[in-house]
Structures are given as C-alpha cells and as structure tokens.
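So the structure is just underneath, and the comments pick up after that.
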There are 2 protein chains.
Amino acid sequence: MSDQDAKPRSARATGSARLTDVARVAGVAPMTVSRALNRPELVSEATRERVRRAVSETGYVPNQVAGALASSRSRLVALLVPTVAHALFAEVVQTVTGLLVPRGYQVLLGLVGYTPAEEEGVVETVLSRRPDGIVLTGCHHSAVTRQRLAASRVPLVEIWDMSDDPIDMLIGFSHHAVGRAVAEHLLARGYRRLGVISADDARAERRIDGLRERLAEAGQQALPLRRVGTPSSMPWGREMAAELLDHHALEAIVCSSDILALGVIAEAQSRGLSIPDDLAIMGFGDSSYAAASFPALSTVRIDGATIGRRAAEQLLERMARPQFERSGAVEDVGFSLVDRATT
Amino acid sequence: MSDQDAKPRSARATGSARLTDVARVAGVAPMTVSRALNRPELVSEATRERVRRAVSETGYVPNQVAGALASSRSRLVALLVPTVAHALFAEVVQTVTGLLVPRGYQVLLGLVGYTPAEEEGVVETVLSRRPDGIVLTGCHHSAVTRQRLAASRVPLVEIWDMSDDPIDMLIGFSHHAVGRAVAEHLLARGYRRLGVISADDARAERRIDGLRERLAEAGQQALPLRRVGTPSSMPWGREMAAELLDHHALEAIVCSSDILALGVIAEAQSRGLSIPDDLAIMGFGDSSYAAASFPALSTVRIDGATIGRRAAEQLLERMARPQFERSGAVEDVGFSLVDRATT
DNA sequence: ACACTGAATGATTGCGCTATCATTCTGGCG
DNA sequence: CGCCAGAATGATAGCGCAATCATTCAGTGT
C-alpha cells in the first residue's frame, strides 16, 4: 500500500541514509549536500550548517564507492610491497600511509611476494579498483605487468630499486652498488674468503652480483653461496652458516638480511669462533636490533622512511595534476654502510 | 560529425574498455560477459571462450568500483591496526592478507595509532568505502566509533584483546592475564622490587594493572613506572632504565615491548650489572631478535599469526552468510611466557 | 505433436553519487 | 531603473556494472 510496497526491481541493499535523504531533511537539493560535504567553500555558511545538522540527524555516512564511480576518482592508493613482515617494508608502508591518509587518500595494501607471478595477479586485481596512484616495490616486473600498468595510465612510483627504464617515477637505491660497497668494505678490512647467505629474491641477487663483481676486480673468484626460502629467519641463517663453515674456510659471511646474520652470529658463537677475527659478518637493513646484538652487527642501512616519504610526495604531486604525464622522475636515495663490531 | 562529436554531458573519464565493449566484440550481451567473468559456471564453454578472447583483444580490466556499487559488495576488508612498524601487528597484517586475497578480497589498510581519537577518524572514512568486513585492533573504542561500527552492520572482528562486550566477534588474549603471569613468574624467581617501562598505550596499561594486582597480592605495593612515547625504541628503553635505576633499587624491570627491553639490557650492561642477578628484565612480544639478544631475552610470546588466521576465518565465514547477524564469537588464543636468560 | 523443464542468454533498471549546465538571486554601477 | 557579474543553488544525466525478470532454445515425457 505504501510507497515501499511498490517493490523495485533491485531493492536498496542497506537501510542507511543516502545523499538524497540528507537533502530532504536539510531542505536542499542533493547536489548542494554533495557540495557542502566535498567543496564546502562553494556553499554558504547557512546552508553548510543545515546540511551538517541533517547529516548528523540522519546518521549519513557518504558512499565513496558511488562517489568514485561518478567522479572517476577513487581516492585510493595501492601500495604493493613484497611483505610487511620485514621491518624495512613495514617502515615504507607506515610512512606512505601516514602521508597519504591526511591528504584524503586510503591505502589498498597488496603483498606481492618475491616472484613476478605473484605480483602479476595482485597488480591485475589492484587495477580493477581504479586506484588514483600506485606505489610498487621493485623494478623488475613481468612484461604483462609492465604493459598493464603503463596502459592503465595510473600515476606510479616504483621504489626500492634503480633502473634505467622506470615505468613512471622511481625512488630507490642501487642494489648492485650495495653489493660493491659491501665487498669494498670487507676487502678493505682484509677479509678475502667470503661466503653468502641470501634469500631467493631478485634484488638480493643483484647485490650479490655487485659483490661478486668487486671481488673479481680484487682477484677473488670463489663465492660460496647458500639460498634460503622466505621469510628469512634466524634458524635459516644458522643452518646455512653451519653448511658454509663445514665446507669452506671462510673469513666472512654476507647475509641478505639482518635476521639471517643473527643466525650466523649464533652459529659462530656456538662453534667458539671469535667475531670478527675468525669470522666477519655483514647483515642488510639495519634493523632495530642490529645495534643491540652481541657483537653489534655491521650492516647496510636503508632509509625506508625517506623512500616512503619521497614516494608519497611524488605521487601526491602527480595526482594533483589534471592529466597523467609520465615524468620519469628518478631519485636515488642511496644507502649507508654501518660498521659495527662484526666486521 | 561522428557519434563521438555528440559530446555527452559527462565524458567518459578513461578511454579504457568497458563491459559493453567486450560484449560487442564477443557478440553477446553485456550481462553475459559479466556472468562469464563472475559466475562462469552459468555460461556455456563456447561463450566463455569467446568472452575470454574478447577480453584479451580489448585489454579489458573490470571496474570493481562500478561492480561494487551495483552489487553492494565491495570485496574489500578493512584491516585496522595501530601500526605496522611493530612486528606483532605486521604479522597479523601479513596473515590476514594472505588468507583474504586468495578468497577474492582486498585489504584496505588503516593505521589507527594508539588513541581513540585517531581511530575514530579512520573508522569513519573506512566505513565510507563500504567494506564487506572489518578487522579492528583492540576493544576499547570511543562511543562514537562503537556506535558507528554497530550501526554499519558490517561483519567485524576485534582482535588483540579480550572483552565481555565485543561489538561482534573477538579473537585475542587478556592483557590483564599477561600482567599477572609476568608478576607470577618474577615473584617465583624471587624478584621483589620491580619497575616498569611502558609505552603509553591502553593495552600495555592493562598489563600493568594485572602486574600490579598480582604484586599487591604478594604484598608489594611500590611499582615505579616510566612511560615512553611511540614508537618504542632501544634508546627510549635505555634512557628510562637509567632513570629508574638512578632513583630506585630495582631487582627487575618489565617492559611493554622487546625493543624497550633491549635498551634496558644495554643500560644494565653499561653499568656493569649482571643480568639477571643484579637486574632481571622482561620483554613483551617475543620478537625475532629476542632469542638472539645477549643475554637472551625473557618475554611473552603472542601468536599474531594465529590471531590473524582465526580472525580471517571468522570473517570469511560471516561474510559468506547472507545476512549479518551478530555472533558474539569470542576466542581467547592465550599467550605464553618465554623464560630465557634475563629472568 | 505438445506442453514442460531447465540451461543459456538477453533486456531493463537502478546502485548513490558528481559533472555539467541552467537557473535564481544578490548587489553594484552607469 | 535596467543590466550585468558573480555567488549560490538546482535539475539532469550519466559513471560501469550486476540483480532481476524475460525470453529463447534444446531436450524430455506422454
């Protein structure tokens, strides 16, 4: 009998208030409510106040899904990192989120693992959300991923790596250079017989390439290597250190993460090896605990906060512009070698 | 002259293919394409194949914004944690994401900090995305937050705490019980004069309450306390340890996180105190490095992965049901006291 | 032969909002 | 006093998709 009995084809899903409900209560047009909420400077103070009242009276919560469809702006930024279980990436996530949220963006988190295949699937679904921007870890993607990202014309910052051919913007550091710097440091200290324990990860691989290159220049060819699965952990480090030390007479072990290095320290100590005299150890990441380990761990410091901050800034600037235009902005934030007690 | 010159009121924002474009190429109705993509079992194999071809020919990427609006299902789960900079919460994020993504959900990450005020704002904007589910850290929210969440009727799991009055589902542990257990442990070891270094966080506070309660039962009233800001760090721990030790003759210091405990260890060592004979130290969290510190840190282990897994499972089950109905499912996953070398 | 069933596909409508233009209203000025 | 600029507000028309119901078509039983 009432209006509501005239059952429409698709019923309203929720009973919650819509913009039109607020408009009715406020006695204005829906468009005016929309403006009062999104562009308040276009609406008179009196009207704003009436809208404000109507909003609280109706308990209105805007529907950004509808808003995004109508305006083609999702106010969503996709943040794609391999994992958050690693403090370095967690720091990036923390920083990027902290900068974007106050600017009205929300973060869609994607964990892409360490393989291009995993990444491809995540990128695909992320694009279907029509994010206004994307922060993507690494520069080595599958051809499909690259193509899709470029075709989407969504502002994009690749981070945590360097490349001659970024898809769009890029903020990171050279893993190859890290490897060389580590080799340089160890050579300078007189260590010659090196070994490596590394996660199976393309970027770690490139650090090893850099390391190997520098060692080769110094006439060192052998570089015994053990790979570990993800996530890296102390026990992995310890186990692989044991293997390396059983088979090779090493003076130093380079690890692809601090946590592995902690395992190596444990193994060295259990063998009664003196660190760094019998065995030097290098980590990667300068985790919060690196300085606190005993002996304090020498490592490579990456400033995740700076990377995150610059990435967010670049993205915000780009998203503020009307049209997407590839800027090719590239920034190398570098790294620093932290020399503590294990080298 | 062409159709496209008949400029419509609002131009299509992107030039990318839509469902109708795919339909035209495939020679079927848009609805059939929608079905082929979302409910393939309803479409004949021949048609599926034509649609598949048309999709790749047009480079179609579905628009989930439009899909969500039309179907009232966003396939978005909001994950609200204080921070990801803390390994414990990162573990939850990792686990929840890992379980939800394969089931077709994406994760909207919200970092709510440690104050109800921050949380309130984030909850507000998160609800405007119309998530299909919410995972929320903690049980102590502002009245507004509680009301909004309940009114939204979105399936919700609170985690990381215990409460008699959850909004909906709850997976966690009792911080009060942790405090009591820590007190129990230290008392059993003969430590009497305790001090506390704690982050300014409501849950840490409740652990302290539990600690104090148990101490009072043992006739101990004094409990010198130092608070640190967030994020907790080694230097904070060290500085506050110095203050405590300067003013009180303490036998043990309890910290609200492992990283603070590391700082206390450093301070103790620099004073030449023997651990645990001169000073016992307890952490919280059992971070990856707790076992590797020297001396190895006694701490409280929380299984973030289990909390994350159960939360995701509960949420998935609830979201699969047609109607939202408060289940009040509550699960205490407990904790364990890890007795290492600092107590 | 004919109604009947179920599978496959199609046509229509609206999800809730904002872009765009149209209209109204105000005050200022020649 | 009429005209105009600018501010404020309103009316209209989609955004791209999926829910719903309608239609078509083969296969079945009698």
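Heavy-atom basis, side chains included; hydrogens, waters and symmetry copies ignored. Order of the sequence lines fixes the chain letters, A, B, ..., with proteins taken first and strands second; residue numbering starts at 1 for each chain.
Note: A:R146 CZ to A:L136 CG = 10.5 Å, rounded to the nearest 0.5 Å. Note that the CE atom of B:M319 and the CZ atom of B:R75 stand 7.5 Å from one another [nearest 0.5 Å]. Here B:H140 contributes atom NE2 and B:S163 contributes atom OG; the two are 6.5 Å apart, rounded to the nearest 0.5 Å. With rounding to the nearest 0.5 angstrom, the CD atom of A:Q106 is 5.5 Å from the CD atom of A:Q64. We find the OG1-CD1 distance between B:T95 and B:I307 to be 10.0 Å, quoted to the nearest 0.5 Å. Rounded to the nearest 0.5 angstrom, A:E331 CD and A:Q314 CD are separated by 6.0 Å.
To the nearest angstrom, P of C:dG14 lies 23 Å from CZ of B:R73. In this structure, CG of B:D21 is placed 11 Å from P of D:dC15, rounded to the nearest angstrom. Going from atom CZ of A:R75 over to atom P of C:dC17 covers 17 Å, rounded to whole Å. We find that CZ of B:R130 is positioned 18 Å from C1' of D:dA18, with the value rounded to whole Å. Here D:dC17 presents its C1' atom at 13 Å from CZ of A:R129, a figure rounded to the nearest Å.
Within the structure, a side-chain polar atom (N or O) of A:S34 is placed less than 4.0 Å from OP1 or OP2 of C:dT18.
Scanning for side-chain contact (heavy atoms from CB on, under 4.5 Å) contacts around B:S34 gives B:L19, B:M31, B:N38, with sequence neighbours left out. With sequence neighbours left out, the side-chain contact (heavy atoms from CB on, under 4.5 Å) criterion links B:V93 to A:V84, A:L109, B:L79, B:V81, B:V84, B:T97, B:L109.
Applying side chain to side chain contact (heavy atoms under 4.5 Å, CB included) to B:I134 and the options B:L149, B:V157, B:V77 leaves one that passes, B:L149.
With distances taken from any side-chain atom of A:A70 to the nucleotides D:dG14, C:dG10, D:dG10, the minimum falls on D:dG14. Closest to the side chain of A:L69, out of D:dG10, C:dC17, D:dG16, is D:dG16. For A:T47, counting side-chain heavy atoms from C-beta on, the closest listed nucleotide (C:dC15, D:dT9, C:dT9) is D:dT9. When distances run from any side-chain atom of B:T32 to the nucleotides C:dG16, C:dT9, D:dC17, the shortest one goes to C:dT9. Checked against D:dC15, D:dT20, C:dT9, the side chain of B:M31 finds its nearest nucleotide in D:dT20.
Residues of residues 35-44 of chain B that place a heavy atom closer than 4.0 Å to DNA chain C, in numerical order, are B:R35, B:V43, B:S44. Taking every heavy atom of residues 51-64 of chain A and every atom of DNA chain D, no pair lies under 4.0 Å.
Base contact: A:L19 has a heavy atom under 4.0 Å from a base atom. Residue contacts for B:V28: at a heavy-atom cut-off of 4.0 Å it reaches the sugar-phosphate backbone alone, with no base atom in range.
Defined by atom type and a distance below 3.5 Å, a donor-acceptor pair is missing between the side-chain atoms of A:E120 and A:H141.
Toward the 5′ end of DNA chain C lies the nearest nucleotide of B:A29, the other residue of the pair B:A29 and A:A66 mapping further downstream.
Classification of A:D168 and A:R153 as a salt-bridged pair fails, no side-chain N sitting under 4.0 Å from a carboxylate O.
The rotation axes computed at either terminus of the helix from C:dA1-D:dT30 to C:dG30-D:dC1 lie 50° apart, taking five pairs at each end and rounding to 10 degrees.
Every pair passing salt bridge (Lys or Arg N to Asp or Glu O under 4.0 Å) that includes a residue from residues 52-61 of chain B is listed here, sequence neighbours excluded: B:E45-B:R52, B:E49-B:R52, B:E49-B:R53.
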